[in-house]
Protein chains: 2
Amino acid sequence: MAVTIRDVARASGVHVSTVSRAFSAPHLVNPETRTRVLAVADDLGYRPNRAARALTTGRTHNLGLIVADISNPFFPPLIKAAQEQARLRDYHVFVADTDEDPKVEEDLIQTLTKQVDGVLLCSPRLTNRTIERLREEVPFVLVNRRVKGMATVLMDVARGARLAFEHLTALGHRRLALVTGPSGSWTSKEMQEAAAATRDVDVAFLGPNQPTELGGLAAAADVIASGATGVLAYNDLVAIGLIEGLAERGVDVPGDISVIGVDDIVAGRLSRPKLTTIAMPTAAAGRIAVDMLLQSVDSQAATGVTMLETTLIVRESTGEAHT
Amino acid sequence: MAVTIRDVARASGVHVSTVSRAFSAPHLVNPETRTRVLAVADDLGYRPNRAARALTTGRTHNLGLIVADISNPFFPPLIKAAQEQARLRDYHVFVADTDEDPKVEEDLIQTLTKQVDGVLLCSPRLTNRTIERLREEVPFVLVNRRVKGMATVLMDVARGARLAFEHLTALGHRRLALVTGPSGSWTSKEMQEAAAATRDVDVAFLGPNQPTELGGLAAAADVIASGATGVLAYNDLVAIGLIEGLAERGVDVPGDISVIGVDDIVAGRLSRPKLTTIAMPTAAAGRIAVDMLLQSVDSQAATGVTMLETTLIVRESTGEAHT
DNA sequence: ATACTTTTTGCAACCGGTTGCCGAACCCGA
DNA sequence: TCGGGTTCGGCAACCGGTTGCAAAAAGTAT
């Protein structure tokens with residue numbers, strides 16, 4: 001059926017091992033022989049069988065990429081970048097979606113483990129303990145989650161949150177709120193810490209909430225009840241939902257309440273009012289994470305933390321407080 | 001290192017073939033033996049090596065899923081559903097993104113081909129000829145694209161478009177416009193045909209456009225120039241961008257112009273005005289496509305067309321024409 | 001020309017499963 | 001107790017590559 005290495009060997013009058021080496025260890029074969037073999041291989045349309053290769057080398061040349069929810073616009077740029085980077089290194093990527101469910105997440109990892117050389121865990125909801133257990137089975141790189149001793153790519157949300165709160169206080173807001181995300185979220189925790197560290201103003205914690213528009217919609221009542229006039233939302237989706245929820249209750253943004261999101265998704269740029277937000281370098285995170293992962297696949301040295309900068313982008317959803 | 005089938009065989013005092021059969025051909029082994037073997041396997045933490053299995057069976061138990069752009073909110077529900085369905089059948093899914101580029105798309109298919117048992121092609125931008133050539137190499141199922149003799153899942157956009165135009169004319173609009181998508185798009189073509197078939201009203205074709213908010217934003221000028229008061233956009237993203245573009249030019253939706261989108265993405269439900277749109281059963285499409293694909297992987301019978309219904313959802317972006 | 005390297009190639013085992021074939025064990029009825 | 005039919009399990013080849021080892025070839029020094 002498919003053309004194998006033996007077909008190529010026969011057609012070019014050399015042993016299969018020579019063909020194999022022509023591909024995977026060029027320096028071990030006479031350049032002349034090599035070009036001939038390659039020509040024949042190309043002629044026959046030979047493509048190495050990755051399953052066979054995986055069997056002997058123990059390398060599948062596949063990576064796993066696990067995200068909480070593909071539908072969240074935060075992830076696609078990261079996924080795209082990761083895939084592109086992986087492709088450059090001749091790796092393929094399995095993308096899996098956990099539906100924000102830690103149990104699904106663990107299952108998924110278990111299943112993937114045998115099929116991939118490494119796993120990228122984005123914003124995992126698992127406990128540290130579980131992550132540490134799982135790391136025994138397969139190399140990991142974490143994105144947006146901190147576990148001691150593990151390779152990690154972080155985006156500096158704490159700083160972003162600080163910028164957000166400073167922006168709000170500079171506008172005269174004195175009662176602030178933080179609409180948090182899911183409970184297992186590192187991002188959420190970082191934001192809370194940043195909030196706790198801001199002086200001279202109250203920051204109410206409202207949550208946990210689903211990290212979606214619906215979550216924001218549902219949080220609108222809480223926000224109003226809290227009396228806050230400036231709020232930082234877990235992400236843009238939540239912010240957009242929140243703004244909608246507030247509008248339904250006759251509260252204007254930014255007239256009555258200022259809202260800041262996180263992620264800088266495209267929808268935020270086009271919603272009305274345009275969303276003030278903290279931009280996250282997701283594509284860079286994806287690329288870097290893949291590089292770290294491949295590195296730790298080769299050498300067992302799988303540590304190191306990369307911190308990426310975030311930026312506050314001021315648009316229309318924040319305004320001066322009415323004193 | 002990892003526990004293999006031979007370890008299990010040794011530990012349970014049977015031959016490897018028996019262990020193998022205990023897993024993949026239960027009826028060929030004594031129930032008693034089987035349970036014992038399974039117990040031992042479980043005890044040892046044995047997991048079959050998929051690469052090894054793939055080597056002998058020729059089945060990788062992987063599927064490829066190729067989409068034009070993961071960032072387009074239209075796809076994630078489809079991807080999720082497809083993955084879930086695949087997982088139920090013990091298959092994994094490679095998701096790949098072509099960036100709307102036919103060349104990347106072809107490359108991707110070529111690379112994936114050897115790694116998967118079948119490929120799901122969503123809204124491909126390739127030519128029919130190319131698709132027909134590629135189908136020789138691996139089973140395909142197409143989503144949102146019609147190529148004779150190939151297994152296909154379609155969503156009835158033509159009918160949806162008809163409903164949209166009827167809705168607009170019923171509101172009194174007499175000059176309509178269709179903001180089309182990319183040139184290779186089947187959906188776009190269907191919409192154009194539906195437009196051409198509507199009687200008693202002009203439908204101007206504006207395009208091609210990028211299938212994103214930016215595309216819609218850019219199309220705003222054309223729409224105004226066309227003098228249309230009712231427009232159907234290629235998808236919700238385009239519609240949202242268009243509404244924004246119109247707003248920037250002082251044109252109100254739905255006051256001055258009515259806009260209808262396609263896909264019913266969440267953002268449309270939360271944008272202002274809430275988007276009137278044609279809902280697409282994307283999750284169902286993903287599930288069904290996977291089933292068709294797996295079916296055509298087993299038996300070579302790879303044909304059949306499934307057409308899924310679409311629905312018009314009227315929200316706030318359409319209104320009466322001012323006569 | 002001989003001995004000794006170094007490069008190039010072939011040989012064959014191996015990775016971890018699957019599967020066709022065959023014999024052993026077991027069941028049944030006569 | 002024996003023949004015939006099932007069921008069960010073992011044997012071994014095979015899938016398509018990779019790789020350690022050794023032989024062959026080519027190059028170098030003496």
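Letters A, B, ... are given to chains in the order of the sequence lines, protein chains preceding strands, and every chain is numbered from 1. Computed over heavy atoms, backbone and side chain alike; hydrogens, waters and symmetry mates excluded.
- Note: CG (A:D7) to C1' (D:dC15) measures 13 Å, nearest angstrom.
- Across A:A289 and A:V143, no two heavy atoms sit closer than the pair CB-CG2, 3.9 Å.
- We find that CZ of A:F23 is positioned 9 Å from P of D:dG17, with the value rounded to whole Å.
- Using a cut-off of 4.0 Å between Lys/Arg side-chain N and Asp/Glu carboxylate O, A:R50 and A:D90 are scored as salt-bridged.
- Mapped onto DNA chain C by nearest heavy atom, A:V14 and A:R6 fall at different nucleotides, with A:V14 at the one closer to the 5' end.
- Counting non-hydrogen atoms under 4.0 angstrom, B:T4 reaches the backbone sugars and phosphates but no base.
- Side chain of A:V29, nearest nucleotide from D:dG9, D:dG17, C:dT9: C:dT9.
- The shortest distance between the side-chain N/O atoms of A:S24 and the OP1/OP2 oxygens of D:dT18 is below 4.0 Å.
- Residue A:R36 qualifies as enclosed at atom CZ: its count of foreign heavy atoms under 6.0 Å is above 12.
- Rounding to whole angstrom units, NE2 of residue B:H27 and P of D:dT6 are separated by 16 Å.
- The phosphate of D:dC11 (OP1 or OP2) has a side-chain N or O of B:H15 nearer than 4.0 angstrom.
- Which of C:dG16, C:dT19, D:dT18 sits closest to the side chain of B:S17 comes down to C:dT19.
- Between the NE2 atom of B:H61 and the P atom of C:dT18 there is a distance of 10 Å, given to the nearest Å.
- Dashed line: the shortest gap from a side-chain N or O of B:Y46 to OP1 or OP2 of C:dG16 is not under 4.0 Å.
- Residue contacts for B:T18: at a heavy-atom cut-off of 4.0 Å it reaches the sugar-phosphate backbone alone, with no base atom in range.
- Within 4.0 Å of B:R21, counting heavy atoms only, lies at least one base atom of the nucleic acid.
- With salt bridges taken as basic N to acidic carboxylate O contacts below 4.0 Å, none links A:E84 and A:R287.
- Spacing between atom CZ of B:R10 and atom P of C:dG17 amounts to 12 Å, rounded to whole angstrom units.
- Note: CD1 (B:I5) to P (D:dG10) measures 12 Å, nearest angstrom.
- Using a 4.0 Å heavy-atom criterion, one finds that A:R34 contacts no nucleic acid atom at all.
- Listed nucleotides C:dT8, D:dT18, C:dG16 differ in distance to A:P31; the shortest reach to its side chain belongs to C:dT8.
- Take the nearest nucleotide of DNA chain D for B:G13 and for B:L55: the residue whose nucleotide is more 5' is B:G13.
- At the phosphate of C:dT9, OP1 or OP2 sits under 4.0 Å from a side-chain N or O atom of A:T33.
- Of the side-chain N and O atoms in B:T56, none sit less than 4.0 angstrom from OP1 or OP2 of C:dT19.
- Here C:dT19 presents its C1' atom at 15 Å from CZ of B:R59, a figure rounded to the nearest Å.
- With contacts defined as side-chain heavy-atom distances shorter than 4.5 Å, the pair A:C122/A:L78 qualifies.
- For B:T57, no side-chain nitrogen or oxygen approaches OP1 or OP2 of C:dT18 to under 4.0 Å.
- As a whole-Å value, the separation of B:E32 CD from D:dC8 C1' is 12 Å.
- Inter-residue side-chain proximity for A:F140 and A:E132 is flagged as unmet; no heavy-atom pair is nearer than 4.5 Å.
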